[in-house]
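Just below is one structure, and these are the notes that go with it.
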Amino acid sequence: MVSPYAFHYARMPGMTEIGERKADHLALCAQEDVGFRATSTLLECVRLVHDALPELSVGDVDTSLDLFGKRLRAPLVIASMTGGTEEAGRVNRELAQIAEERGYGFGLGSQRAMLMQPTVTSTYRVRDFAPKTLLLGNVGMVQARGMSTDAVRALIEQVGADALCVHLNPAMELVQPGGDRDFSRGLETIARLVNELGFPVVVKETGCGISPSVGQRLRRVGAKHVDVSGAGGTSWVGVETKRAGAAGERAAHALGEALWDWGIPTAASIALLGPMGFDTLIATGGMASGLDVARAVALGATAAGLARPVLRALVQGGTAGATAFLNGVEREFRTVMLLTGSRNLAALRAAPRVVLGELQSWMEQLRRPNHEK
C-alpha cells in the first residue's frame, strides 16, 4: 500500500526554523529508527500472574475511567506528537478523530510554534473533529517560564484543551543545535501554573523519565498530575542527534551519540512515582501493546500514552491502519485484564505480579532515603 503521507526530512523553501524542526521531527519519527538502542522500558520485567479461574466474561471487564472531567473507554491517550506545519495539522486532525470515535484521550504536540508563528494555530485546532475528546494542550517549561499565566491560559483556550502538559526536555534541548540552555526556575514556574492557571497541569517529561526526587519536589509545590514519558521508546535525544548530523553540527552530533540512551526506564519511573499519591500518573515512553499498558497500570499508572507506533500505523495504513492498531491494543489489554481476574482498573492495580531483574534494582535502590532532595 502506498502511504498517503509525504513527510520530508529536508529544508523546505520559505519554511521557518521552528517549522523545519517540526517537519524534521515528524519525518524522523515516521520513517527512521529513533528508538532507544540499548535501554528498554523494563516493562518486560513485570510478570502478571495468570488466573485460570477468573470468574469473569469478557463483557464483565470494565476498562473505562474518568480523566480530567472526560470519560475514556480505556486508559489510552494518543500521546503528544506534533503541530506547526500543514502535514502536522493533518496528522493531528486524523488522530484526534480516531480518539473521538474510540473514546480515548488525545495530546497535542508542543504549542511553541503557535507562540512564534500564530498563523500555524489552525494545525493544533482539532475540536471540530473531536468535540467530546479529552484534549491535552502542551507547552515547554522554558516557554511557560517567560509567559504570564494569562498568556498560558490563552494558549489552552485557543485550542479548547481540557488540561495542559508542561513538558520538561533538558536532554533533548542540550543536543539540539540552538536549543534551550537555561532550565532554571522550573519548579517555580510549575508551582505558579498549578496555583493560578485554572486548568489541570500535567508535568510531562520527553522520553527521559521522572525520578523520585523530582516527583517529591513536584508534590511539594502542589503538582497532582504527571506523565513520566520514560526511556525505552522514542529517544528524542536520538531525534536531535540525527538532525544535528544532517546539519553538519559535529559537536552536537557527538554529544547526542553519547547520550542517545539517557534516561529512566518507563516502568521504573511509574513504579517509583506510584506510591507518591499523584492524582494522575500517565505512562508514556515505549508503550506499544495492550500488554505494555496492562503492566504499566499494574505498576500504578492511571493511563498510558502511545505516540510513535500510532503515527507509524497511520503513515503505513491511513486512518484504517491506525484504528486497527489501536483496536488490537485495546483488545489485548482487555484480554490481559480477564486473564488476571481483573474486573476493573482498580483490580488490575491490585493484581498479583512479579518484578524481575533490572526493574527490581531500580525500585530497591531509588527508594532509599539518600536519593531524596
Side-chain angles (χ1 to χ4, degrees), residues 7 9 17-41 77-85 88 91 107-113 136 138-144 165-181 183 186 202-211 214 226-247 249 251-266 268-269 282-288 304-312:
F7 298 135
Y9 177 43
E17 180 182 349
I18 194 166
E20 289 178 350
R21 186 161 67 245
K22 295 297 184 183
D24 287 352
H25 288 171
L26 199 56
L28 286 164
C29 289
Q31 297 163 181
E32 296 199 30
D33 185 3
V34 289
F36 278 74
R37 291 169 171 168
T39 299
S40 82
T41 63
V77 176
I78 301 176
S80 307
M81 275 186 277
T82 194
T85 69
V91 168
L108 295 169
S110 171
Q111 293 172 255
R112 183 178 186 177
L136 305 178
N138 192 323
V139 69
M141 181 281 293
V142 172
Q143 286 69 54
C165 293
V166 177
H167 69 257
L168 316 176
N169 61 344
M172 174 185 177
E173 292 287 339
L174 289 170
V175 173
Q176 181 184 116
D180 296 320
R181 298 295 183 265
F183 307 99
V202 182
V203 183
K204 173 182 173 61
E205 232 292 337
T206 313
C208 292
I210 294 178
S211 69
V214 171
V226 168
D227 181 341
V228 302
S229 190
T234 301
S235 169
W236 283 97
V237 169
V239 170
E240 292 300 344
T241 301
K242 284 184 174 286
R243 292 187 68 245
E249 299 278 355
H253 183 265
L255 180 63
E257 285 288 340
L259 297 177
W260 190 294
D261 272 3
W262 181 264
I264 303 165
T266 299
S269 202
I282 301 174
T284 60
M287 311 300 295
L306 294 88
R308 188 161 57 111
V310 183
L311 174 63
R312 290 197 161 188

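The residues of the chain are indexed from 1 along the displayed sequence. Computed from a predicted structure; not experimentally measured.
Side chain of S80 to main chain of L108: a donor-acceptor pair is present (N/O by atom type, distance under 3.5 Å, no hydrogens or angles). Looking only at distances, no side-chain donor or acceptor of R308 sits under 3.5 Å from a matching main-chain atom of G286. A donor-acceptor pair is defined here as one N or O able to donate and one able to accept, closer than 3.5 Å; such a pair exists between the side chain of T206 and the backbone of L168.
Under the side chain to side chain donor-acceptor pair (under 3.5 Å) criterion, T241 pairs with no residue at all, not counting sequence neighbours. Judged as a side chain to side chain donor-acceptor pair (under 3.5 Å), and not counting sequence neighbours, R112 has no contacts. For D261, there are no salt bridge (Lys or Arg N to Asp or Glu O under 4.0 Å) partners at least two apart in sequence or on another chain. Looking at residues two or more places apart in sequence or on another chain, you find no side chain to side chain donor-acceptor pair (under 3.5 Å) involving T39.
Residue T284 is tested with D227, T234, T266 for a side chain to side chain donor-acceptor pair (under 3.5 Å); the sole match is D227.
Taking every heavy atom of both residues into account, A304 and M287 meet most closely at CB-CE, 3.9 Å. Nearest heavy-atom pair, T85 versus A23, reported as atom, atom and distance to 0.1 Å: CG2-N, 4.1 Å. Across R312 and A30, no two heavy atoms sit closer than the pair NE-O, 3.4 Å. Of all non-hydrogen atoms in L311 and C29, the two that sit nearest each other are CD2-CB, 4.0 Å.
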Compile the donor-acceptor pairs under 3.5 Å between side chains in residues 251-260 and protein atoms, sequence neighbours left out, one pair per line.
unit_1, atom_1, unit_2, atom_2, d
E257, OE1, R37, NH1, 2.8
W260, NE1, G35, O, 2.9

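Sorted by first then second residue, the side-chain hydrogen bond (donor to acceptor under 3.5 Å, both in side chains) pairs that include residues 165-177, not counting sequence neighbours, are N138-H167, N169-E173, Q176-E240.
To the nearest 0.5 Å, the span separating CG on D33 from CG on L28 amounts to 11.0 Å. The structure places OG of S269 at 5.5 Å from CD1 of I264, a figure rounded to the nearest 0.5 Å. In this structure, CG in L26 is found 8.5 Å from CE in M81, a value given to the nearest 0.5 Å.
Considering only heavy atoms from C-beta on, K204 stays 4.5 Å or farther from I282 through its side chain. Side-chain contact check for H25 versus T82: every heavy-atom pair is 4.5 Å or farther apart.
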